[in-house]
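Below is one structure, written out as C-alpha cells; the observations come after it.
Just so it is clear, the structure is predicted and the values come from calculations on it, not from any experiment.
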Amino acid sequence: MNSRRMILKTAVVAAGLAATGLTAASADELETLKEEGVIRIAMSGAYPPFNFVNDQNEVVGFDPAIGAEIADRMGLEAEIVTTAWDGIIGGLLANKYDAIVGSMTITEERDEVVDFVGPYYSDKRAIFSNPGAGIDSLEDLEGVKVGLTLGETHEEWARERGYDINTYKGLPELLLELENGRVDAIVNDSIAAILAMTAKGQEYEMFADPTTEPFGAGIAIREGNPDLAAEMQAALDSMMEDGTYLEIAEEWIGDDIR
C-alpha cells in the first residue's frame with residue numbers, strides 16, 4: 001500500500017472512530033432509520049447529469065432520483081446532502097449522513113472502510129481534450145497539464161503515472177478549465193463528461209483509457225450494517241426488474257447504463 005493510500009485509510013478510519021456512537025459492536029442502523037423515517041443521502045452536487053443543483057436550487061439528476069426511489073421502497077424519505085467530494089467518505093464515517101449515492105467508483109481501497117450496495121451503473125475512464133490538441137494516447141499526456149476532480153479515483157491514477165495535474169471541485173469546473181485552455185486535457189468518467197459537454201455545446205476529442213476495465217458505481221454505507229445493505233440492495237434490484245431504473249436512466253442519461 002503506497003503512502004497516499006495509507007493516508008486516506010488512516011484519515012477515514014480516524015473520522016469513523018471519532019463519530020458519536022460508532023463502534024464495532026453498534027447495532028445495524030436500519031432499525032434506527034425506520035424509526036426516524038428519513039435517510040440522509042450524500043453527493044457532491046457538482047457532477048451533471050448525475051447530480052447537480054438546478055436553477056431552483058434543487059439537487060437533481062440520476063443519483064438523487066435513484067436514491068429517492070430506493071428510500072421510497074424502504075418506506076423512508078430521502079434527505080439529499082451536498083458535500084465536497086474529497087471528504088465525502090470521512091463525512092459518512094462521522095455520521096453526517098447515512099449513505100453516499102454520488103457515482104462513487106467501487107474500489108478495494110474504499111471497500112476497506114465502507115460497504116457498498118450495487119453497483120447501480122457502470123462506466124469507463126476517458127481522456128478529453130480540445131479538437132486539434134493532438135492528445136490521443138496516454139503518452140500524449142506527458143508534459144501537458146491534466147485536470148481532474150479532487151478526491152476521485154482518477155486523481156490517484158494520474159498521480160501514479162506522474163502527470164502534471166490540477167484538481168478541481170467538480171465536472172463543471174473541469175469543463176470550463178479545458179474550454180479556456182488552462183488545462184490541456186481532463187480525465188473523467190466517460191458518460192458524465194460526454195453528456196455535460198454535449199449539453200453545453202462544447203466540442204471535444206476523447207479516447208478511453210486502455211489500461212483499465214469498466215468500473216461499477218456503488219452506494220456507500222458504513223460497515224457493520226448487513227440488514228441495511230440487504231434492504232437497499234433489494235430495493236435497487238426491484239426497481240431494475242420492474243422498469244423503474246430504466247425510466248430514470250433514460251430521463252437523465254438517455255440510455256440504460258447498467
task: Would you indicate whether the side-chain heavy atoms of E69 and L236 approach each other to under 4.5 Å?
output: no
- request: Side-chain contact test, heavy atoms from C-beta onward, threshold under 4.5 Å: evaluate it for F128 versus M197 and give yes or no.
  value: yes
message: Using modelled atom types and a 3.5 Å cut-off, is there a donor and acceptor pairing between side-chain atoms of R182 and backbone atoms of N166?
response: no
H154 and D209 side chains, donor-acceptor separation under 3.5 Å: no
query: With distance as the sole test, does N51 use its side chain to make a donor-acceptor pair with the main-chain N or O of G45 at under 3.5 Å?
result: yes
query: Is the closest side-chain donor-acceptor distance between N95 and R222 under 3.5 Å?
result: yes
query: Taking C-beta and beyond as the side chain, do V146 and I186 meet within less than 4.5 Å on heavy atoms?
result: no
task: Return yes when atom CD of E31 has more than 12 non-hydrogen atoms of other residues, nucleotides or ligands closer than 6.0 Å, and no otherwise.
output: no
- prompt: Are side-chain heavy atoms of W157 and V187 found at a separation under 4.5 Å?
  reply: yes
N-O pairing of K145 and D164 below 4.0 Å: yes
field: Under-4.0 Å salt bridge between K34 and E231
entry: yes
task: Look at the side chain of D140 and the backbone N and O of D136, then say whether any donor-acceptor pair between them is shorter than 3.5 Å.
output: yes
task: Verify whether one side chain among E142 and Y163 offers a donor that lies under 3.5 Å from an acceptor in the other.
output: no
task: Compute whether any side-chain donor of one residue and acceptor of the other, for S137 and E139, lie under 3.5 angstrom apart.
output: yes
query: So which heavy atom on L171 is nearest to which on A196, and how close?
result: CD2-CB, 3.9 Å
query: Is atom CD of E35 surrounded by more than 12 heavy atoms (other residues, nucleotides or ligands) closer than 6.0 Å?
result: yes
query: Strictly by modelled atom types, are Y245 and D256 linked by a side-chain donor-acceptor pair under 3.5 Å?
result: no
- request: Give a yes or no answer on whether the side chain of R40 reaches the backbone of A99 with a donor-acceptor pair at less than 3.5 Å.
  value: no
message: I want to know whether F50 and Y121 have ring centres closer than 6.0 Å.
response: yes
- request: Might you confirm whether atom CD of E77 has over 12 heavy atoms from other residues, nucleotides or ligands at distances under 6.0 Å?
  value: no
Interatomic spacing from CD in E152 to CH2 in W85 - rounded to 0.5 Å: 7.0 Å
message: Taking the basic N atoms (NZ, or NE/NH1/NH2) and the acidic carboxylate oxygens, is any pair closer than 4.0 Å for D242 and R73?
response: yes
statement: Closest non-hydrogen contact found for I221 with D98 is CG2-O, 3.9 Å
task: Using modelled atom types only, decide if a donor and an acceptor are shared between the side chain of D189 and the backbone of D123 within a distance under 3.5 Å.
output: no
- prompt: Side chains of M206 and I127: closer than 4.5 Å at any heavy-atom pair?
  reply: no
- prompt: Are E179 and K200 close enough for a salt bridge, meaning some N to O gap below 4.0 Å?
  reply: yes
- prompt: Are R161 and L138 side-chain neighbours, meaning at least one heavy-atom pair lies under 4.5 Å?
  reply: yes
